[in-house]
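To keep things clear, I will list the structure first and then write my remarks on it.
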2 protein chains.
Amino acid sequence: MTKRNPLTPLKTYNAKATQAAILDAAEEEFAKHGLAAAHTEVIATKSGATKTMIYYYFQNKEGLYLAMLKRAFVERFQEIQAMNLDQLAPDIALEQFLHYFLSQLNKNPNLPMIMLYEAMQNQGKYHEEIEILEFYRLLSTILKGGVASGVFRPLDPQHMAVNLIGTCVFYFCAKENIKHLWEKKRLLGKEMLTQHQQEAIRFVLAGVRA
Amino acid sequence: MTKRNPLTPLKTYNAKATQAAILDAAEEEFAKHGLAAAHTEVIATKSGATKTMIYYYFQNKEGLYLAMLKRAFVERFQEIQAMNLDQLAPDIALEQFLHYFLSQLNKNPNLPMIMLYEAMQNQGKYHEEIEILEFYRLLSTILKGGVASGVFRPLDPQHMAVNLIGTCVFYFCAKENIKHLWEKKRLLGKEMLTQHQQEAIRFVLAGVRA
DNA sequence: GTCTATAACCTGATAGAC
DNA sequence: GTCTATCAGGTTATAGAC
């Protein structure tokens, strides 16, 4: 039943390549359906591997899910931390954060859905593993500093952090509901992604400025 | 296996009451897991009815899902249309829209998740049935008018409509990921919901103002 | 309209060969 | 490390009695 996909043949037996192919396929599939509704058979077929290999490398479906989560989030968060945003002026830090974060989403439009599925369907079970709290806290700190120094209007830093992330990610998550708003434009095409990035940044900066 | 829930007994055989109980339970369950991952058994138990009744009234799981969707969305959108927002000044119209929309979400915090599951997991299959495009178009029209009259800054009305809805709904969808940002506060408690409503309205109004 | 019991199917996971 | 074949368990949906 499960056959290698002839379009993406694995030339030789290669553990790393197989694992990477499975994780890539898992990212797509979990982003589409969430942990509970994703099917290992589909992931296997997409990756060009077999179900057996999934269980060989990742023990079970949830093990694969967690490995996928970690790969998708942890390294990206570390890159943001490495930007040392807390040492910049709050308005500059926020703009750089938004620019970088939205660029990351444009590169991997699956991330928003994976993040929301983890919250909605999986009830935030692995919120610690993806270090999402630190992510929001970093953003809150920037906002708090901006309010204190007067460059931002009075606002609640934590609510603002959440609402601002909502602005960035919703476009990706709701794409199948909103795509008919635009005729002949691919929502994940380069043109539209750039426009979303610009519009989101302008909206947020205008929304926090004093 | 499936037994009536003694806490919510149906006194006598009553078609309307049974259907309503099933739809209520379905709303909760579909909001938690989406169509594909929701279990009819759970819906039956929660509603105090049996699986058989679900199939009797709604043919199959997807029939129940669609009935739930329509009940949840259509009437609410009609209420927004009845507000005749297009006859008000754009800034007033937007503020009224936000206030009303966020009040609706506070009353039924399941709506954002149902909406996003329909887009993400169900690929927007029933976007026509829930008339979601009209919803965004109404909002776009208000924004466009505000830009034209100069009360709003230059912005793309469609992107802004999407980003703004994202700000309103994300809080509800991400709640299991963000709840640890606040100690000892229930995110769906009255206090926090009111605060979210205020913060979201202020953010959006500040973000569009010229 | 409602129930119990069960059919039919699907999918996560494993055994065992190579 | 990888494959084929299969099991075990769970879930949708229905049959038939009341």
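Predicted model only: the values in this text are computed from it and were never measured. Throughout, protein chains are lettered first and strands after them, A, B, ... in sequence-line order, and every chain is numbered starting at 1.
The phosphate of D:dT2 (OP1 or OP2) has no side-chain N or O of A:Thr52 nearer than 4.0 angstrom. Applying the 4.0 Å criterion to OP1 and OP2 of C:dT2, one finds that B:Thr18 has a side-chain N or O inside that range.
In terms of position on DNA chain C, the residue among A:Asn60 and B:Tyr56 whose nearest nucleotide sits closer to the 5' end is B:Tyr56.
Using a 4.0 Å heavy-atom distance criterion, B:Ala36 is classed as making no nucleic acid contact. Within 4.0 Å of B:Thr40, counting heavy atoms only, lie sugar-phosphate atoms of the nucleic acid but no base atom.
Using cut-offs of 30° and 60° for the angle between ring planes, the B:His159 and A:Trp182 rings count as tilted.
With rounding to whole Å, B:Phe58 atom CZ is found 15 Å from D:dT14 atom P. In this structure, B:Tyr65 atom OH and D:dT12 atom P are separated by 15 Å, rounded to whole Å. Whole-Å rounding puts the B:Lys51 NZ to D:dA15 P distance at 15 Å. Here C:dC10 presents its C1' atom at 13 Å from NE2 of B:His39, a figure rounded to the nearest Å. The CZ-C1' distance, from B:Phe30 to D:dT12, rounds to 12 Å in whole Å. Remark: P of D:dT6 and OH of A:Tyr55 are 18 Å apart, rounded to the nearest angstrom. For the pair A:Met53 CE and D:dT4 C1', the interatomic distance rounds to 14 Å; values are reported in whole Å. We find that CD of B:Glu62 is positioned 19 Å from P of D:dT11, with the value rounded to whole Å.
Closest to the A:Tyr57 side chain, of the nucleotides D:dT4, D:dG1, C:dT11, is D:dG1. Listed candidates were D:dT12, D:dG1, C:dG12. Nearest to the side chain of B:Lys61 is D:dT12.
Defined by atom type and a distance below 3.5 Å, a donor-acceptor pair is present between the side-chain atoms of B:Glu62 and B:Tyr126. Inspection of the B:Glu199 and B:Tyr171 side chains reveals no N or O donor paired with an N or O acceptor under 3.5 Å.
B:Phe30 and B:Tyr65 have their aromatic ring centers within a separation under 6.0 angstrom.
In this structure, CG on B:Asn177 lies 8.0 Å from NE2 on A:His127, to the nearest 0.5 angstrom.
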